[in-house]
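This report concerns only the one structure given below.
Quick caveat: nothing in here was measured; it's all calculated off a predicted structure.
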Amino acid sequence: MTTDTIAAISTPTGEGAIAIVRLSGPESIGMAMKIFKGTDLHHVDSHTIHYGKLMDPNTKEIAEEVMVSVLRGPKTFTREDIVEINCHGGVVSANRVLELILEQGARLAEPGEFTKRAFLNGRIDLSQAEAVMDLIRAKSDKAMSVALKQIDGRLSKLIRTLRQTLLETVAHVEVNIDYPEYDDVEEMSHEMMREKTHEVKKEIESLLEVAKQGKILREGIQTAIVGRPNVGKSSLMNTLVQETKAIVTDVAGTTRDTIEEYVNVRGVPLRLVDTAGIRETDDIVEKIGVERSRKALQEADLILFMLNYNDVLTEEDEQLFELIQDLEYIVIVNKADLTQNLDIEKVQSLAAGHPIIETAIIDERGIEQLEQAIADRFLSGDLEMNDMSYVSNVRHIQLLKEAKQALQEAEEGLEMGVPIDMVQIDVTRTWELLGEIIGDTASDALIDQLFSQFCLGK
């Protein structure tokens with residue numbers, strides 16, 4: 001348990017109905033009482049809230065009218081005493097309350113320090129701590145559901161079960177080596193070792209199979225809308241976002257820079273980037289926008305390539321097909337309500353099997369088909385949200401891949417007849433890698449780095 005008391009503002013900066021200043025540590029209640037005028041917080045029940053006023057000890061004047069929550073450890077998020085001071089929303093009010101608390105001896109919390117204390121005090125493990133940030137940053141209901149299940153500890157329980165299986169296997173080998181005289185202990189054979197490693201490897205493979213979908217739900221899909229000027233890129237973005245984010249005119253080259261916005265499509269979070277039309281131009285400002293558009297293409301997970309139904313296929317269009325040929329894309333043929341001048345057969349040939357959706361953005365025709373095509377492209381079937389096995393964290397995915405590789409090497413060693421005690425090295429390595437996911441074998445430097453990415457009051 002820690003010995004000092006920390007404090008921070010736990011609500012977003014800006015105007016609002018209330019702001020919350022949180023304290024955690026052994027002196028939380030005592031420090032609050034130094035400035036709180038109302039019920040004696042030392043004698044109230046845990047998990048109760050109380051009305052009163054904060055007094056500035058220096059001026060003896062009322063500083064704020066507040067509601068103060070008292071939560072006694074260990075039944076709190078950090079397993080320490082916690083006090084939450086609910087004051088009026090606004091930058092000045094919240095900062096004033098925080099200043100008063102710091103003057104009483106509290107230390108300003110570092111980013112993520114409340115969650116870090118929950119981890120260090122055994123309230124949650126490292127994967128659950130990271131899921132807290134995933135929950136805060138969730139861009140869709142499904143992403144939120146995945147994060148909640150991780151906070152609930154479902155992934156942690158599976159990882160601990162796998163580690164226990166590996167630990168028992170390693171322990172069995174150690175007993176055989178160190179105490180060969182014990183006749184009542186079954187000797188660990190190559191076949192027994194192979195059975196255990198295969199069992200764990202199969203579970204890891206199951207996690208990795210859905211990891212791509214979990215990562216998409218967590219981070220979203222970087223999606224670039226590209227095409228020649230005036231094909232309807234900005235109109236598509238406005239339709240998907242359901243509000244006017246981009247200027248729409250009949251004048252080619254209206255969009256001079258990239259415009260970004262998040263949108264939820266069938267449970268898939270997209271980070272939409274409306275790019276400037278890619279074409280040769282002498283306009284200096286537009287030229288910069290075109291270069292940024294080309295950069296957005298290379299960084300995108302998905303490209304929505306737009307053509308016009310009533311325009312002939314141009315050399316610029318064919319060059320764009322060449323530019324994105326090795327990337328993930330969907331072709332959108334817009335303005336399908338107008339006379340056809342586009343050679344659809346040639347478009348199909350150039351698209352080489354990629355989806356082609358005909359739309360009339362002005363009437364929102366084809367939007368549902370486009371959304372379904374995006375979902376089908378990135379989420380294979382319906383997500384079973386009752387299944388806890390959606391690994392979404394890049395760090396977890398990498399550790400699982402390394403663990404799978406270590407088990408693969410163990411299996412290869414068994415096939416070659418390598419002595420059990422040598423194969424055990426790879427099994428132990430797998431156990432350590434899985435431990436890094438939940439924090440059992442993570443270094444202090446890694447833990448500090450992870451929590452430094454949290455917001456200040458969390």
Side-chain angles (χ1 to χ4, degrees), residues 1-124 129 132-133 136 444 447-448 450-458:
M1 298 287 285
T2 49
T3 57
D4 63 342
T5 297
I6 57 175
I9 299 171
S10 292
T11 44
T13 303
E15 295 182 1
I18 62 168
I20 298 175
V21 177
R22 175 188 287 173
L23 295 87
S24 180
E27 299 299 322
S28 295
I29 297 174
M31 289 178 179
M33 276 305 299
K34 289 180 181 180
I35 56 174
F36 180 69
K37 298 304 176 184
T39 306
D40 188 344
L41 302 178
H42 288 107
H43 300 107
V44 300
D45 292 335
S46 180
H47 294 73
T48 55
I49 189 166
H50 307 273
Y51 168 78
K53 293 181 173 63
L54 296 188
M55 304 294 294
D56 187 330
N58 300 315
T59 63
K60 309 301 181 184
E61 295 180 353
I62 295 174
E64 248 289 22
E65 186 178 29
V66 296
M67 298 289 287
V68 178
S69 299
V70 176
L71 305 95
R72 302 183 191 278
K75 293 184 178 181
T76 65
F77 180 61
T78 61
R79 283 193 170 168
E80 302 173 336
D81 286 351
I82 288 180
V83 170
E84 292 186 344
I85 302 174
N86 296 256
C87 61
H88 292 93
V91 177
V92 175
S93 175
N95 283 332
R96 182 70 186 116
V97 173
L98 179 60
E99 286 173 10
L100 287 173
I101 286 297
L102 295 179
E103 287 174 4
Q104 310 317 309
R107 173 173 61 80
L108 182 64
E110 298 173 358
E113 191 168 0
F114 290 95
T115 308
K116 184 177 181 180
R117 288 195 173 197
F119 166 68
L120 294 175
N121 293 333
R123 170 69 173 74
I124 55 177
V132 171
M133 186 52 66
I136 294 171
D444 291 342
I447 291 169
D448 290 341
L450 290 174
F451 285 107
S452 69
Q453 299 171 25
F454 280 51
C455 50
L456 188 63
K458 191 58 183 173

(message) Rounded at 0.5 Å granularity, tell me how far CG in Leu23 sits from CG in Leu102.
(response) 8.5 Å
(request) Could you please spell out the steps behind the side chain to side chain contact (heavy atoms under 4.5 Å, CB included) verdict for Val83 and Ile101? (result) CA-CA 11 Å; Val83 170; Ile101 286 297; over 6 Å; no
(message) Given Ser24, which partner from the list Arg79, Arg117, Glu80 fulfils the side chain to side chain donor-acceptor pair (under 3.5 Å) test?
(response) Glu80
(request) Run the numbers on Ser69 and Asn86 for side chain to side chain contact (heavy atoms under 4.5 Å, CB included), then give the verdict. (result) CA-CA 8 Å; Ser69 299; Asn86 296 256; 3.9 Å; yes
(request) Under the salt bridge (Lys or Arg N to Asp or Glu O under 4.0 Å) rule, collect the residues that match up with Glu99, sequence neighbours excluded. (result) Arg96
(request) Starting at CG of Asn95, measure out to CG of Leu100 and round the result to the nearest 0.5 Å. (result) 11.0 Å
(message) Please check this pair: side chain of Asp56 against backbone of Glu61, looking for a donor-acceptor N/O pair closer than 3.5 Å.
(response) no
(message) Using side chain to side chain contact (heavy atoms under 4.5 Å, CB included), reason through Val66 and Val21 one step at a time and then give a plain yes or no.
(response) CA-CA 11 Å; Val66 296; Val21 177; over 6 Å; no
(request) For Asp40 and His42, indicate whether the former's side chain and the latter's backbone hold a donor-acceptor pair under 3.5 Å. (result) yes
(message) I need the Thr76 OG1 to Arg123 CZ distance, nearest 0.5 Å.
(response) 8.0 Å
(request) Report the distance from atom CZ of Phe36 to atom CG of Leu41, rounding to the nearest 0.5 Å. (result) 5.0 Å
(message) For a 4.5 angstrom cut-off between non-hydrogen side-chain atoms, does Leu108 reach Leu98?
(response) yes
(request) With rounding to the nearest 0.5 Å, note down the distance linking NE2 in His50 to OG1 in Thr48. (result) 2.5 Å
(message) Donor-acceptor check, side chain of Thr11 to backbone of Ile20, threshold 3.5 angstrom: yes or no?
(response) yes
(request) Walk me through it: do Thr39 and Tyr51 pass the test side chain to side chain contact (heavy atoms under 4.5 Å, CB included)? (result) CA-CA 8 Å; Thr39 306; Tyr51 168 78; over 6 Å; no
(request) Using atom types as modelled and distance alone, determine if a side-chain donor or acceptor of Glu27 lies under 3.5 Å from a backbone N or O of Ala106. (result) no
(message) Would you say that Ile35 contacts Val97 through its side chain, given a criterion of any heavy-atom pair below 4.5 Å between the two side chains?
(response) no
(message) Test your reading of the model: is there a side-chain donor-acceptor pair from His47 to the backbone of Lys75, 3.5 Å cut-off?
(response) yes
(request) Look at the side chain of Ser93 and the backbone N and O of Gly90, then say whether any donor-acceptor pair between them is shorter than 3.5 Å. (result) no
(message) Any heavy-atom pair between the side chains of Asp81 and Arg72 that's under 4.5 Å?
(response) yes
(request) Please report the shortest heavy-atom distance between Phe77 and Ala118, naming the atom on each side. (result) O-CB, 3.0 Å
(request) Identify the heavy atoms of Glu84 and Arg22 that sit nearest to each other, and give their distance. (result) OE2-NE, 3.2 Å
(message) Could you measure the distance from the OG1 atom of Thr5 to the CE atom of Met31? Nearest 0.5 Å is fine.
(response) 4.5 Å
